[in-house]
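Have a look at the structure below, then the notes.
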Protein chains: 2
Amino acid sequence: MKIGELSRATGTNIETIRYYERIGLLPAPARTAANYRSYGEAHRARLSFVRHSRDLGFTIEEIRSLLDLSDDPARDCTDADRIASRHLAQVEAKIAQLTTLRDELARIVGRCRGGAAADCRVIEALGDHRHCESAH
Amino acid sequence: MKIGELSRATGTNIETIRYYERIGLLPAPARTAANYRSYGEAHRARLSFVRHSRDLGFTIEEIRSLLDLSDDPARDCTDADRIASRHLAQVEAKIAQLTTLRDELARIVGRCRGGAAADCRVIEALGDHRHCESAH
DNA sequence: GCTTGACCCTGTAGTTGATACAGGGTGCAT
DNA sequence: ATGCACCCTGTATCAACTACAGGGTCAAGC
């Protein structure tokens, strides 16, 4: 499989595949006589793993750890669970933070009555960090 | 006010303040005889505006637009409202995306029964993109 | 008067996770 | 033989900072 085929097979940009190889996330594949990269099924599976993990928001370093684990079938699986749990906690924290932020934004937008920027409530709200309290 | 005081007054890293000046988000302040930056109340207010907007997730370019608007009191305020509304929509989209992602992660974690990585459900779930369907 | 430490300066490089060329080589069809 | 799609390496760019290196300034204490 050439890089373009692997790209289509996994929905990954060609440049991204080369990037993953460069940072050591994917092993360097064999080369053809013309120096083209030649991939097999194992590469495809590994790249799918990486893409799916990235879609779930794992960082490259987390994925590296997960790959190390799966490369060594004797190792304890609880490590993988710990990485995933910690990531889940981070995602939940991010959702909580964005929800707070959304509430504040929702309070700000829609205040505009089409007047001049001089009395714009939106700009005013952004400038004054205490508008939350003063709103109560 | 020297840069360290402005930093403490706004909770902004000193390097970040200089960065904002470099990219033209904050005006270059007057200098003392020793070439130290000397800030006034207007600078503090502007930086607070920037920080608050950044905390709400606005990009630098969005903040630049908002600042342009507030610098020109004659301009129509609906522009500010439009920027904020679009941003609110983006935040809501991000929350929705993260919520989906959290559900998938929650399904994955806790499956580990302390066995070897060879039969790790976590690693398995990450490798197989179709585990969602196969779970049903 | 001299040192110590806190502060300030400029300029450059690093971070994450890619993406976008520039400038060239390969392979196949017409 | 000449397009055209595809591949190669290497470097630069993005956002929004952060982190030095290598130096200058200032007030306090000995």
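Order of the sequence lines fixes the chain letters, A, B, ..., with proteins taken first and strands second; residue numbering starts at 1 for each chain.
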Atom CD of B:E21 and atom C1' of C:dG11: how far apart are they, to the nearest Å? 14 Å

Regarding the side chain of A:I60, the nearest nucleotide among C:dA18, C:dC9, D:dC8 is C:dA18

Would you mind telling me which of C:dC8, D:dT11, D:dC17 lies closest to the side-chain atoms of A:R22? D:dT11

Closest heavy-atom pair, B:I17 versus B:Y39, reported as atoms and distance to 0.1 Å, is CG2-OH, 3.5 Å

Quick one: does A:M1's side chain get under 4.5 Å of A:H43's, heavy atoms only? no

Out of A:R46, A:R44, A:H52, which one pairs with A:S48 under the side chain to side chain donor-acceptor pair (under 3.5 Å) rule? A:R44

Considering just the side-chain nitrogens and oxygens of A:N35, establish if one lies under 4.0 Å of OP1 or OP2 belonging to D:dC8. no

Is there a side-chain polar atom (N or O) of B:R31 under 4.0 Å from OP1 or OP2 of D:dT25? no

Check this one for me: any side-chain N or O of A:R37 less than 4.0 Å away from OP1 or OP2 of D:dC8? yes

Just the rounded figure in Å: distance from P of D:dA15 to OH of B:Y19. 8 Å

Considering every strand and a 4.0 Å limit on heavy-atom distances, what is the contact class for B:I23: base, sugar-phosphate, or nothing? nothing

Does A:T16 have a side-chain nitrogen or oxygen under 4.0 Å from the phosphate oxygens OP1 or OP2 of C:dT19? yes

Under a 4.5 Å cut-off applied to non-hydrogen side-chain atoms, are A:L67 and A:F49 in contact? yes

What is the distance from CD1 of A:I3 to C1' of D:dA5, rounded to the nearest Å? 15 Å

About how many Å separate OG of A:S38 and CD1 of A:I3, when rounded to the nearest 0.5 Å? 11.5 Å

Could you check whether any side-chain N or O of B:E5 sits under 3.5 Å from a backbone N or O of B:K2, counting only pairs where one atom can act as donor and the other as acceptor? yes

Take the protein atom CD of B:E5 and the nucleotide atom C1' of C:dC7, then report the distance between them rounded to whole Å. 11 Å

Rounded distance in Å - CD1 (A:I17) to C1' (D:dC6): 14 Å

If I take atom CZ in residue A:R54 and atom P in nucleotide C:dT16, what distance separates them, rounded to the nearest angstrom? 12 Å

Under 4.0 angstrom, heavy atoms only, what part of the nucleic acid is B:Y20 near: base, sugar-phosphate, or nothing? sugar-phosphate

B:I14 CD1 to C:dC7 P, straight-line distance once rounded to whole Å: 8 Å

Indicate every side-chain donor-acceptor pair of residues 90-97 of chain A with a distance under 3.5 Å to a residue at least two apart or in another chain.
none

Would you give a per-nucleotide map of nucleotides 21-30 of chain C, 5' to 3', where B means the base has a protein non-hydrogen atom under 4.0 Å away, S means only the sugar-phosphate does, and - means neither? B---BBS---

Under 4.0 Å, heavy atoms only, any strand: does A:R51 hit a base, just the sugar-phosphate, or nothing? sugar-phosphate

To the nearest angstrom, how far is B:R8 atom CZ from C:dC7 atom C1'? 9 Å

